[in-house]
Trainee: 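Please find one structure pasted underneath; my questions will follow.
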Number of protein chains: 2
Amino acid sequence: MKHGARILVVDDEPQIRRSLQVNLENKDYLVMTAESGEEALDAIASRQPDVVIIDLILPSISGIELTRRIRRHSPVPIIVLSAIGNESKKVEALESGADDYVTKPFGMDELTARIRSALRRTVMVPGTEPVFKSGTLTVNFERREVLLNDRPVKLTPTEYDLLKYMIQYTGKVLTHRTLLTAIWGDAYANQAQYLRVFIGQLRKKIERNTARPQYILTDPGVGYRFAHDPQEPQS
Amino acid sequence: MKHGARILVVDDEPQIRRSLQVNLENKDYLVMTAESGEEALDAIASRQPDVVIIDLILPSISGIELTRRIRRHSPVPIIVLSAIGNESKKVEALESGADDYVTKPFGMDELTARIRSALRRTVMVPGTEPVFKSGTLTVNFERREVLLNDRPVKLTPTEYDLLKYMIQYTGKVLTHRTLLTAIWGDAYANQAQYLRVFIGQLRKKIERNTARPQYILTDPGVGYRFAHDPQEPQS
DNA sequence: CAATCTTTATGAAGTTTTTATGCAATACTG
DNA sequence: CAGTATTGCATAAAAACTTCATAAAGATTG
């Protein structure tokens, strides 16, 4: 019997654990479960999952605290489940190191899409791969060169830094705060408007249709992410 | 009197220095000498040789250690001289960043062949001559000579060093800091104005239209790059 | 003293920041 | 539950600021 990726589900509600387990095993994943943060930390240490799914509401250790603790010693991709109306917790979790989120109630298709994306986030250590390619977009970090359909695209320093940062974390949801502090510094953490302006300029330069971006996706109320699979322009 | 490439000879034995100097000057190279690693590092920083020849056996700083230190900040081709029976040092030197070696005793023909080969390699253009060509511009690194439409162009030493450095990294964006430390030294890393002046002079000498440079392109806020494919003047 | 390098000055070009506006999605309210 | 207010996003454009190109004067070097 051959299994796909190993997934750890952390939730205190037995029926959700059960439901996820059944559904994900149908998709050929190997599923393990934990009902508390402590159990989860043990399982991560001993059983090396490839992805961890965490319900934000947990007894004792909260999902956010659990995320933070996992990140202290493991880079495993983390997807958090947040109940609707829990937006601030979701952002907090992302800033604590989570990679992505799914809002309850959610469909299995959505979750499995996120899982697939998370699995592809093979730690892109900056410096290992000097050339990034996706669809018609090529970025040569060695040369500091951006090509679209083999034509050079001129980016300003800030635009380039922003694009580079996002590509480095392809697939991961990057909150406004995260991006602002990374590119502009701590003092600018609340200048979300800067971000909109520069994201807008980047899209104008690299997206075919800025109204339906393929690469730089908006996560409303949260931030932006660089798409793993450039969305095909839909009919 | 016009000189070819600049060669730095590093050896502690005066008669070898003298012999190499005379022989290489006969071949029309400009030869400078250093008798210790410290002197050599100074000379590389201040006088920008095109090739460095290092005797592996030196007092104080060894040839290998010297090679390593040079490589920390300069891509200048290094040829090491190893006495027979010193094979292991030779390998170590190559691993530390040397480009080639010559085993003593050696004939002048062999050494000059290695020098020519090293000079050729700096341009990374596989060909018979250590010459770079692009469009109407020709740079002969062996003779330290620049031609535009087959007419010689007079460059000052700094202009030449800058052009050569940029050609060595054709296509790659070189930041102000990179160029300044490479050509002028660490202490000048922030003198971006020098760079503008010299880039301006170079453009005046090699560009058809300095307002639309074909070769030396500006990346605003970042630095300069030597064009990969010289832009055709557009209508 | 002649060539080269370094400095200074200035207008032009380019970039970032700020402000303004419309739109769309969500939340509020009677 | 329709209509209205609010909030966040996208975009454009003006203003402020920074960097660039160039000329030319001053200093240095051999």
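Naming: A, B, ... by sequence-line order, numbering from 1 per chain.
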Trainee: At under 4.0 Å between heavy atoms, what does Q193(B) touch on the DNA or RNA strands: base, sugar-phosphate, or nothing?
Mentor: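 Contact class for Q193(B): base.
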Trainee: Between R196(A) (CZ) and dT18(C) (C1'), how many Å, whole number?
Mentor: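 To the nearest whole Å, that distance equals 14 Å.
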Trainee: Step through the shown structure and confirm whether more than 12 heavy atoms of other residues, nucleotides or ligands are within 6.0 Å of NZ on K89(A).
Mentor: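 Open: at most 12 neighbouring heavy atoms sit under 6.0 Å from NZ of K89(A).
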Trainee: First and last nucleotide of DNA chain D in contact with chain A, 5' to 3', at under 4.0 Å to a heavy atom: what are they?
Mentor: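 Under 4.0 Å from chain A, the extent on DNA chain D is dG8(D) to dA12(D).
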Trainee: Hey, which of these two, T158(A) or T158(B), hits DNA chain C nearer its 5' end, going by closest nucleotide?
Mentor: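 Nearest-nucleotide comparison on DNA chain C picks T158(B).
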Trainee: Q48(B) has an atom CD; how far is it from atom P of dT4(C), in whole Å?
Mentor: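 One finds 17 Å between P of dT4(C) and CD of Q48(B), rounded.
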Trainee: Just the rounded figure in Å: distance from C1' of dA13(C) to CG of L217(B).
Mentor: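 Going from L217(B) (CG) to dA13(C) (C1'), I get 16 Å.
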Trainee: Does Y194(A) place a side-chain N or O at less than 4.0 Å from the phosphate oxygens OP1/OP2 of dT16(C)?
Mentor: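 Answer is no, no contact under 4.0 Å.
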Trainee: Counting neighbours of OH on Y188(A) that are heavy atoms of other residues, nucleotides or ligands and sit closer than 6.0 Å, is the number greater than 12?
Mentor: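 Counting neighbours around OH of Y188(A), 12 or fewer heavy atoms of other residues, nucleotides or ligands fall under 6.0 Å, so no.
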Trainee: For atom NZ of K104(A), is the number of surrounding heavy atoms from other residues, nucleotides or ligands below 6.0 Å larger than 12?
Mentor: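 Counting neighbours around NZ of K104(A), more than 12 heavy atoms of other residues, nucleotides or ligands fall under 6.0 Å, so yes.
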Trainee: Testing the 3.5 Å rule here: is there a donor-acceptor pair between the side chains of R203(B) and T218(B)?
Mentor: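 The criterion, which ignores hydrogens and geometry beyond distance, is satisfied for T218(B) and R203(B).
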Trainee: Would the distance check show the side chain of R6(B) and the main-chain N or O of R47(B) forming a donor-acceptor pair, the cut-off being under 3.5 Å?
Mentor: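 Such a contact is found between R6(B) side chain and R47(B) backbone.
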Trainee: Could you check which of dG14(C), dT4(C), dT18(C) has an atom nearest any side-chain atom of P220(B)?
Mentor: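 My answer, after comparing the listed nucleotides, is dG14(C).
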Trainee: Measuring only between side-chain heavy atoms, which start at C-beta, is L174(B) closer than 4.5 Å to M166(B)?
Mentor: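 Yes - at least one pair of side-chain heavy atoms lies under 4.5 Å apart.
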Trainee: Using modelled atom types and a 3.5 Å cut-off, is there a donor and acceptor pairing between side-chain atoms of E25(B) and backbone atoms of V22(B)?
Mentor: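 Side chain of E25(B) to backbone of V22(B): no pair is present.
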Trainee: Decide whether a cation-pi geometry holds between R144(A) and Y160(A); the criteria are a distance under 6.0 Å from NZ or CZ to the six-membered ring centre and an angle within 45° of the ring axis.
Mentor: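 Relative to the ring axis of Y160(A), which defines the angle, R144(A) lies inside both limits.
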Trainee: Mind calculating the distance between CG (D161(B)) and C1' (dT4(C)) to the nearest angstrom?
Mentor: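 To the nearest whole Å, that distance equals 13 Å.
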Trainee: Quick check: on DNA chain D, is the nucleotide nearest G223(B) upstream (toward 5') of the one nearest K204(B), or the reverse? Name the residue that is more 5'.
Mentor: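 Per heavy-atom nearest nucleotide, the more 5' residue is G223(B).
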Trainee: If the helix axis at each end comes from five base pairs, how far does the helix from dC1(C)-dG30(D) to dG30(C)-dC1(D) deviate from straight, to 10°?
Mentor: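 Terminal axis comparison yields 30°.
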Trainee: Can you work out whether T210(B) or H176(A) has the more 5'-proximal nearest nucleotide on DNA chain D?
Mentor: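 Its nearest nucleotide lies further toward 5', so the answer is H176(A).
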Trainee: Look at W184(A) and dT16(C) and indicate whether a side-chain polar atom (N or O) is within less than 4.0 Å of OP1 or OP2.
Mentor: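 So the side-chain polar atoms of W184(A) never come under 4.0 Å of the phosphate oxygens OP1 or OP2 of dT16(C).
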Trainee: Quiz question: by atom type and distance under 3.5 Å, do the side chains of S60(B) and E38(B) form a donor-acceptor pair?
Mentor: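 The criterion, which ignores hydrogens and geometry beyond distance, is satisfied for E38(B) and S60(B).
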Trainee: Check every strand shown and say whether Y188(A) touches a base, only sugar-phosphate, or nothing at a heavy-atom separation below 4.0 Å.
Mentor: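 The residue Y188(A) makes no contact with any strand.
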Trainee: Just wondering, do F226(B) and V173(B) contact through their side chains at under 4.5 Å, heavy atoms?
Mentor: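 When only atoms from C-beta onward are counted, F226(B) and V173(B) do not touch, as no gap falls below 4.5 Å.
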Trainee: If each of K154(B) and G221(B) is mapped to the nucleotide of DNA chain C with the nearest heavy atom, which maps nearer the 5' terminus, i.e. the 5' end?
Mentor: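 Closest to the 5' end, via its nearest nucleotide, is K154(B).
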Trainee: Rounding to a whole Å, what distance do you find between L155(A):CG and dG14(C):P?
Mentor: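 To the nearest whole Å, that distance equals 15 Å.
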Trainee: I want to check one thing: is the phosphate of dG14(C), taken as OP1 and OP2, less than 4.0 Å away from some side-chain N or O of T156(A)?
Mentor: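 So the side-chain polar atoms of T156(A) never come under 4.0 Å of the phosphate oxygens OP1 or OP2 of dG14(C).
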Trainee: Round to a whole Å and report the spacing from CG of L180(B) to P of dT6(C).
Mentor: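 Rounding to the nearest Å, CG of L180(B) and P of dT6(C) are 11 Å apart.
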Trainee: Starting from P on dA13(C), measure out to CZ on R212(B) and report it in whole angstrom.
Mentor: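 Answer to the nearest Å: 12 Å.
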Trainee: Expressed in angstrom and rounded to an integer, what is the separation of D219(A) atom CG from dT26(C) atom C1'?
Mentor: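 Roughly 17 Å, once rounded to whole Å.
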